[in-house]
Engineer: 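First, the structure itself, so that you have it in front of you.
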Amino acid sequence: MTNLRFQVVGEAFKKKPLDVKASDERPCDYFGKKVFNREKMYKYLPKDVYEKMIDVIDKGARLERNIADAVAIGMKQWATENGVTHYTHWFQPLTEGTAEKHDSFLEHDGKGGMVEEFSGKLLVQQEPDASSFPSGGIRSTFEARGYSAWDPTSPVFIIDDTLCIPTVFISYSGEALDYKAPLLRALHAVNVAATAVCQYFDKNVKKVTSNLGWEQEYFLVDEGLYSARPDLLLTGRTLMGHDSAKNQQMDDHYFGTIPDRVQAFMKDLEIQALELGIPCKTRHNEVAPNQFELAPIYEETNLAVDHYMLLMSLMKKVARKHGFRALLHEKPFAGINGSGKHNNWSLNTDNGILLHAPGKTPEQNLRFAVFIVETLMGVWKHNGLLKASIMSATNAHRLGANEAPPAIISSFLGKQLSELLDHIENADKDDLFHMNGKQGMKMDIPEIPEILIDNTDRNRTSPFAFTGNRFEFRAVGSEANCASAMITLNSAVAEALTNFKRRVDALIAKGEAQTAAIIEVLRQDILTCKPIRFDGNGYSDEWKQEAARRGLDVETSCPRIFERYLDKASIDMFSSLGVMTKKELEARNEVKWETYTKKIQIEARVLGDLSMNHIIPVATRYQSQLLENVENMKTIFPADKAAKLSARNIQIIEEIAERTTAIEKGVEDLVNARKVANKIEDEHKKAIAYCDTIAPQLDAIRYQIDKLELIIDDACWPLPKYRELLFIR
Ligand code: ADP
Ligand code: MG
């Protein structure tokens with residue numbers, strides 16, 4: 001009997017890097033080649049149509065039907081010149097991926113032939129028969145009416161022969177069924193709130209944009225090895241596998257030379273991404289073996305999210321072409337680092353001011369302090385909700401479980417920024433600001449030296465760290481759509497800025513000078529949000545206790561963390577900003593709980609199957625071989641000598657018996673626990689039952705299997721081992 005494992009290991013070793021055709025063009029030349037961007041619009045649309053489109057994109061003007069028709073004509077011309085035959089509305093349902101349904105341009109011409117057609121109507125709205133997407137009961141299957149509507153702020157692009165149109169996906173009664181709709185609403189809210197605050201400082205500011213620069217970590221595994229691991233295939237992570245003797249302890253993978261086969265994959269991926277207008281910038285080896293990172297340059301948040309979703313599907317596709325599988329799961333392998341996705345976030349104005357970057361004058365630095373402090377106010381007030389926004393069954397393996405970051409949201413500011421806030425908090429009020437006769441006002445808001453701020457002593461344990469001109473939200477999962485975190489963060493900051501302005505205006509109405517009013521409210525807020533500031537070690541046990549004392553959310557159970565979405569403060573925030581209604585929030589939580597349950601359920605089934613039809617049969621076979629050996633010893637040697645010589649084998653035989661019994665018992669208990677949990681109708685309670693009674697049992701079974709892996713003959717072990725999955729590339 002040949003062992004599949006040896007076969008796939010042998011083949012993986014022989015694989016050579018694919019030859020990625022180097023283009024004659026430079027990246028700047030093919031950047032955006034497959035995107036209907038402004039340059040293409042200018043070329044393919046009549047001048048007045050082009051101008052109206054720019055108004056729609058930049059100023060949120062209404063898209064009129066005749067304009068949509070004219071745009072569709074230009075778009076189709078560009079698309080057909082590029083070999084396109086189909087189009088699709090591309091959207092982000094509440095799963096982890098994207099959805100698309102392709103239709104061709106073909107229509108009857110009424111004379112027995114066919115023509116290719118594309119109209120404004122088809123561009124703007126579609127009604128996909130999308131009854132099977134998760135909706136949390138908003139759209140019951142018997143009236144499966146949801147529609148997708150074009151988001152003209154994110155440009156249309158081409159994949160293969162298909163024109164892809166980014167859209168929101170909503171129910172006929174107007175509820176969002178996707179990530180994009182609430183994201184656009186949150187970005188609108190933060191724009192309105194931040195613009196109003198900016199106007200205190202600069203009347204020319206008309207718009208504030210939210211920026212996102214994400215950094216994605218991922219693993220690559222050879223496709224053959226992957227296919228021999230049903231757990232990776234079905235759950236995205238290994239449910240068993242003993243530590244490799246060597247893993248990441250030598251720190252020799254981080255920033256190491258990128259392996260050839262991986263380099264070819266990265267090059268291929270980046271060329272295709274650049275053609276799609278995704279500004280890929282950074283690639284490197286990460287800490288764990290076979291772990292890598294990719295980061296584009298930051299963009300406007302809605303576009304960055306679309307590019308994120310697009311790049312992840314592209315990454316999976318290109319990985320397969322190169323004989324790899326890309327693993328986006330947060331914890332594919334126990335015992336080594338998992339993967340995350342840093343979300344670098346900031347706000348900037350339409351006249352080019354980065355609101356989270358320190359300025360040069362006291363006025364600019366006051367504005368900077370306001371935006372820092374109000375960001376902290378949002379993060380402080382909604383710290384539990386922010387954690388909920390990045391929590392999932394898979395990210396639960398990282399957050400507060402086995403590694404960074406902790407399951408407590410706090411913010412690291414660094415020395416210089418902390419000193420600035422402390423100064424504003426503690427300085428004498430009249431020193432901070434007073435009217436200075438003819439010279440106007442005098443303000444004592446110190447400058448932060450640029451060089452210092454750039455080198456902020458980075459605290460890697462902080463989930464929300466200030467890094468010079470932005471905040472870096474580091475707790476986001478590698479598998480998550482960034483939109484979830486961005487909806488909550490932008491909403492929380494929008495709410496904080498709105499409250500700030502309301503209080504400042506109230507003081508001004510009472511006759512206080514504007515700057516004095518700003519400083520007064522700022523000082524109150526510096527005190528209020530203090531509990532969120534933490535520059536120490538986020539992994540320590542003392543911090544967990546300290547955070548609880550400070551009133552921060554320290555819950556670690558995934559389904560319970562989701563409850564934060566239904567807190568009064570969360571519902572009030574989302575509904576007052578028009579981001580999500582209570583009904584939408586409730587529906588989304590149903591989806592979250594259901595998804596959680598299903599993930600654990602699948603893992604439990606896969607582990608049960610593998611235990612019973614892979615591990616126990618192999619263990620028993622090996623045990624029989626040993627038994628035979630023990631018997632044979634007796635035929636050759638005298639009884640006492642045979643017993644002595646067989647002592648070790650008898651020990652192993654016993655150990656196998658004990659461990660396989662424990663596994664069988666574990667699987668049986670797991671099945672019984674599932675039977676109990678499955679009877680629970682309420683999705684919330686069911687998810688809690690899966691979390692409390694099923695998830696922990698997986699680890700207990702795994703423990704026994706990993707011990708067996710150590711004692712069973714390597715030649716019969718059926719599943720590729722960690723040392724193979726992690727070191728063959
Ligand atoms: P790191 O040291 O964290 O790896 P990088 O310089 O590689 O930092 O940047 C990480 C990401 O942060 C990139 O996507 C980058 O474009 C983005 N970024 C830089 N400045 C900002 C900003 N002001 N707002 C949002 N994202 C930013
Ligand atoms: Mg970073």
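FYI, side chains are in, hydrogens and waters are out, and symmetry mates aren't considered; it's all heavy atoms of this structure. Start at 1 and go down the list; that is how both ligands and their atoms are numbered.
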Engineer: Give yes or no for whether the N/O distance cutoff of 3.5 Å, strictly under, is met between Trp345 and ligand 1.
Structural biologist: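 Min N/O separation from ligand 1 is not below 3.5 Å for Trp345.
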Engineer: Taking atom CZ as the centre, does Arg320 end up with more than 12 heavy-atom neighbours from other residues, nucleotides or ligands that are less than 6.0 angstrom away?
Structural biologist: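 No - once you tally the heavy atoms of other residues, nucleotides and ligands closer than 6.0 Å, there are 12 at most.
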Engineer: Under 4.0 Å from any heavy atom of Gly213, which atoms of ligand 1 are there?
Structural biologist: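 Those atoms are 14 (O), 26 (N).
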Engineer: Without placing hydrogens or testing angles, list every side-chain donor-acceptor pair under 3.5 Å for residues 310-319, not counting sequence neighbours.
Structural biologist:
| residue | atom | partner | partner atom | Å |
| --- | --- | --- | --- | --- |
| Ser313 | OG | Leu310 | O | 3.0 |

Engineer: Relative to the heavy atoms of Glu472, which atoms of ligand 1 are at a distance of less than 4.0 Å?
Structural biologist: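 Close to Glu472: 3 (O).
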Engineer: Give yes or no for whether the N/O distance cutoff of 3.5 Å, strictly under, is met between Glu293 and ligand 1.
Structural biologist: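 No.
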Engineer: How does Glu215 reach ligand 1, if at all, at less than 4.0 Å between non-hydrogen atoms: by side chain, backbone, both, or neither?
Structural biologist: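 The answer is the side chain.
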Engineer: Could you list which atoms of ligand 1 come closer than 4.0 Å to a heavy atom of Ile297?
Structural biologist: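 Every atom of ligand 1 under 4.0 Å from some heavy atom of Ile297: 16 (O).
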Engineer: Please indicate whether any nitrogen or oxygen in Tyr298 is less than 3.5 Å from any nitrogen or oxygen in ligand 1.
Structural biologist: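 Yes.
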Engineer: Is a donor from one side chain sitting under 3.5 angstrom from an acceptor on the other, for Asn337 and Gln248?
Structural biologist: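 Judged by distance alone, the side chains do pair up.
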Engineer: Between His356 and Thr375, is any side-chain donor less than 3.5 angstrom from a side-chain acceptor?
Structural biologist: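 On atom types as modelled, these side chains qualify, holding a pair under 3.5 Å.
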Engineer: Looking only at the side chains, is there a donor atom on one of Asp268 and Gln272 sitting less than 3.5 Å from an acceptor on the other?
Structural biologist: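 Yes, because at least one side-chain N or O of Asp268 sits under 3.5 Å from a partner of the opposite role on Gln272.
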Engineer: In this structure, does ligand 1 have an atom that sits under 4.0 Å from one of the heavy atoms of His356?
Structural biologist: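 No, His356 has no heavy atoms under 4.0 Å from ligand 1.
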Engineer: Does even one non-hydrogen atom of Pro296 get within less than 4.0 Å of ligand 1?
Structural biologist: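 For ligand 1, residue contact (heavy atoms, under 4.0 Å) with Pro296 is present.
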Engineer: Under the salt bridge (charged side-chain N to carboxylate O under 4.0 Å, His left out) rule, what pairs show up with a residue in residues 333-356, not counting sequence neighbours?
Structural biologist: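 Qualifying pairs, neighbours excluded: none.
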Engineer: With salt bridge (charged side-chain N to carboxylate O under 4.0 Å, His left out) as the test, would you mind laying out the steps for Arg26 and Asp29 before giving the verdict?
Structural biologist: CA-CA 5 Å; Arg26 304 293 306 159; Asp29 302 324; over 6 Å; no
Engineer: Heavy-atom distance to atom 5 (P) of ligand 1: which of Arg474, Arg470, His342 wins?
Structural biologist: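 Looking at heavy atoms only, Arg470 sits closest to atom 5 (P) of ligand 1.
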Engineer: Decide whether Glu479 and Asn395 meet the rule of one side-chain donor and one side-chain acceptor closer than 3.5 Å.
Structural biologist: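 No donor-acceptor contact under 3.5 Å links the two side chains.
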Engineer: Taking 4.0 angstrom as the limit and counting only heavy atoms of Asn344, give me the atoms of ligand 1 inside it, by number and element.
Structural biologist: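 Matching atoms, with element in brackets: 10 (C), 11 (C), 12 (O), 17 (C), 25 (C), 26 (N), 27 (C).
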Engineer: Suppose I only count heavy atoms of Leu354 and a 4.0 Å limit; which atoms of ligand 1 are within that range?
Structural biologist: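 Atoms satisfying the 4.0 Å criterion: 23 (N).
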